[in-house]
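A note on names: the letters A, B, ... follow the listed sequences, proteins ahead of strands, and every chain is numbered from 1.
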There are 2 protein chains.
Amino acid sequence: MPARADSAWAEHALRALRQAGYRRGGARTAVVEALARHDCAVTAIELDDELRRRRPAVGRASVYRALEQLEQLGLVQRMEVTRGTAGYERVEPGGEHHHHAICRKCGRMVPFEDPKLERAIARLSEEISFEVTDHDVVLRGLCERCAD
Amino acid sequence: MPARADSAWAEHALRALRQAGYRRGGARTAVVEALARHDCAVTAIELDDELRRRRPAVGRASVYRALEQLEQLGLVQRMEVTRGTAGYERVEPGGEHHHHAICRKCGRMVPFEDPKLERAIARLSEEISFEVTDHDVVLRGLCERCAD
DNA sequence: AATCAAAATGAGATCCATTTTTATTTTCTT
DNA sequence: AAGAAAATAAAAATGGATCTCATTTTGATT
Ligand SMILES: [Mn+2]
Ligand SMILES: [Mn+2]
Ligand SMILES: [Zn+2]
Ligand SMILES: [Zn+2]
């Protein structure tokens, strides 16, 4: 499960960025810290709203840029949360991660993890003629509240 | 595996549409037939390109409209094929379906199916407090050709 | 076959998340 | 401190998707 306000992840991410040759920069750091505060997927727009009002303000382009770099380094995971908009959430260094069940009615997102599922995916990844590095599983349906 | 040029699916879809109360219409029928011709995901833009040049031409809006209706009825499955663009492919009435491995470099999409994976998902769907009706699995990485 | 309300359609306008551009500021090495 | 490279922000551009609305088609009813 995602730990709330994971500052350990923030440090991990900042370290990895430096390691990858990126210089330190205020905007990118702000994005990392914001991501560390969220325990599930956030959209770039939401992050932009949070960071726009800062002193100094963080630009929208910088948010997208940082997210892309972080995704590239495997520090965040990108997924489509609603039609046409992507959500981002941090990836824990240990490799532990979760997937999501998304309510088609209200949009609520419920995270889950399942070792059996992961095992099936791991096995499958070996079998197919494809060098699999990531995977994504989305369950869709109705959440508790919306189920008639 | 997806059967090539599945006209049985087209008839099935057309029947389901009528059944759902839709009148018959040239544009929608053209979209159904186009989908039947593709054995893996196609984007709305690709369908639009195919159908625009017809006599009479099918409008972009009609393509999107038909796709949404078909998805609503569970006749097609929507998925994000590349950043920001959705792909659609037919859903076989029997419930058999496949998932995709997508190359992050060249975009190639390789379909696969795996009973063990499906079983893991089915079990999981029972366990969580969510009325799961659909699922989607995407493996990402490098295809044979692009793997260094 | 003629009528007509409802449904379907297509062209273009519009929306909006994301990307690109560009001028300016910051970082960091020398 | 100086300079080259990297980072940033604001604005413009892009492009897939959606909306609008005038026109055409459908299918039930006469
Ligand atoms: Mn997993
Ligand atoms: Mn499946
Ligand atoms: Zn819900
Ligand atoms: Zn490839």
Side-chain angles (χ1 to χ4, degrees), chain A residues 13-34 41-73 76 78-89 107, chain B residues 13-34 41-73 76-89 104 107:
Chain A
L14 259 9
R15 203 177 311 127
L17 283 165
R18 188 158 344 149
Q19 165 71 20
Y22 290 103
R23 293 184 179 177
R24 70 191 207 57
R28 185 159 45 218
T29 300
V31 170
V32 168
E33 289 170 346
V42 230
T43 67
I45 304 289
E46 289 168 339
L47 289 174
D48 183 42
D49 285 343
E50 278 179 35
L51 303 177
R52 190 206 322 277
R53 57 193 58 155
R54 275 173 39 115
R55 289 281 318 160
V58 172
R60 193 184 333 147
S62 298
V63 172
Y64 280 103
R65 208 157 21 215
L67 287 172
E68 189 178 342
Q69 295 163 340
L70 288 165
E71 191 197 359
Q72 208 66 36
L73 293 174
V76 306
R78 177 185 175 285
M79 72 201 68
E80 190 180 41
V81 289
T82 62
R83 295 216 152 193
T85 72
Y88 297 83
E89 74 181 14
Chain B
L14 258 10
R15 203 177 311 128
L17 283 165
R18 188 157 346 148
Q19 165 71 20
Y22 290 104
R23 293 185 180 175
R24 67 191 210 63
R28 186 161 43 221
T29 301
V31 170
V32 168
E33 289 170 346
V42 230
T43 67
I45 303 291
E46 288 167 339
L47 290 175
D48 184 41
D49 285 343
E50 279 180 35
L51 303 177
R52 189 208 321 277
R53 56 191 60 154
R54 275 173 41 112
R55 289 285 318 164
V58 172
R60 194 184 332 146
S62 299
V63 173
Y64 279 103
R65 211 158 18 215
L67 288 172
E68 188 178 343
Q69 295 163 340
L70 289 166
E71 190 198 1
Q72 209 66 36
L73 293 174
V76 306
Q77 171 184 5
R78 177 186 174 284
M79 73 200 68
E80 189 181 41
V81 290
T82 61
R83 296 217 150 193
T85 72
Y88 297 82
E89 75 182 13
R104 76 156 55 99

Requested in this report: Look up atom CD in B/Glu68 and atom OH in B/Tyr88, then write down how far apart they are to the nearest 0.5 Å.
Outcome: 7.5 Å
Requested in this report: Looking at every strand, decide which applies to B/Ser62 at a 4.0 Å heavy-atom threshold: base, sugar-phosphate, or nothing.
Outcome: base
Report task. Please report, rounded to the nearest Å, how far the C1' atom of D/dG27 is from the CG atom of B/Leu17. Result -> 17 Å
Report summary line: Atom CD of B/Gln69 and atom P of D/dT18 are separated, to the nearest Å, by 12 Å
Query raised in the report: Distance from B/Ile45 atom CD1 to B/Tyr64 atom OH, nearest 0.5 Å?
Result: 3.5 Å
Report task. Check A/Thr43 against A/Thr85 and note the closest heavy-atom contact, atom names and distance. Result -> CG2-OG1, 4.4 Å
Requested in this report: Kindly write out the residues that satisfy side chain to side chain donor-acceptor pair (under 3.5 Å) with B/Arg83, not counting sequence neighbours, or none if the list is empty.
Outcome: A/Glu71
Query raised in the report: What closest approach, in Å, do A/Val58 and A/Ala27 show between heavy atoms, and which atom pair accounts for it?
Result: CG1-CB, 4.0 Å
Query raised in the report: How would you give the extent of chain A contacts on DNA chain C, as first and last nucleotide 5' to 3' within a 4.0 Å heavy-atom cut-off?
Result: C/dA17 to C/dC28
Requested in this report: Would you mind telling me which residue lines up with the more 5' stretch of DNA chain C, B/Arg83 or B/Ala27, judged by nearest nucleotide?
Outcome: B/Ala27
Query raised in the report: Between the two end axes of the helix from C/dA1-D/dT30 to C/dT30-D/dA1, each built from 5 base pairs, what angle do you get to the nearest 10°?
Result: 20°
Query raised in the report: Minimum heavy-atom separation for B/Ala57 to B/Arg52, with atom names?
Result: CB-O, 2.9 Å
Requested in this report: Work out which heavy atom in B/Leu73 is nearest to a heavy atom in B/Ala16; give both atom names and the distance.
Outcome: CD1-O, 4.3 Å
Requested in this report: May I ask you to check whether over 12 heavy atoms, not counting those of B/Arg104, lie within 6.0 Å of atom CZ?
Outcome: yes
Query raised in the report: Do the side chains of A/Leu70 and A/Leu17 get nearer than 4.5 Å, heavy atoms only?
Result: yes
Report task. Would you check if the side chain of B/Arg28 reaches a backbone N or O of B/Arg23 as a donor-acceptor pair within less than 3.5 Å? Result -> yes
**Report entry** Where A/Val32 and A/Ala13 come nearest, the two heavy atoms and their spacing
**Finding:** CG1-CB, 4.0 Å
Please write out each protein N/O paired with an N/O of nucleotides 23-26 of chain D under 3.5 Å, distance rounded to 0.1 Å.
residue, atom, partner, partner atom, Å
D/dT26, O2, B/Arg23, NH1, 2.4

Report summary line: Closest heavy-atom pair, B/Val81 versus B/Ala86, reported as atoms and distance to 0.1 Å, is CG2-C, 4.1 Å
Query raised in the report: Please, which pairs that meet side-chain hydrogen bond (donor to acceptor under 3.5 Å, both in side chains) have at least one residue in residues 53-63 of chain A, sequence neighbours excluded?
Result: A/Ser62-A/Arg65
**Report entry** Sub-4.0 Å heavy-atom contacts from residues 42-61 of chain B onto DNA chain C, ordered by number
**Finding:** B/Ala57, B/Val58, B/Gly59, B/Arg60, B/Ala61
Query raised in the report: Which part of the nucleic acid, if any, lies within reach of A/Arg65 when heavy atoms closer than 4.0 Å are counted: base, sugar-phosphate only, or nothing?
Result: base
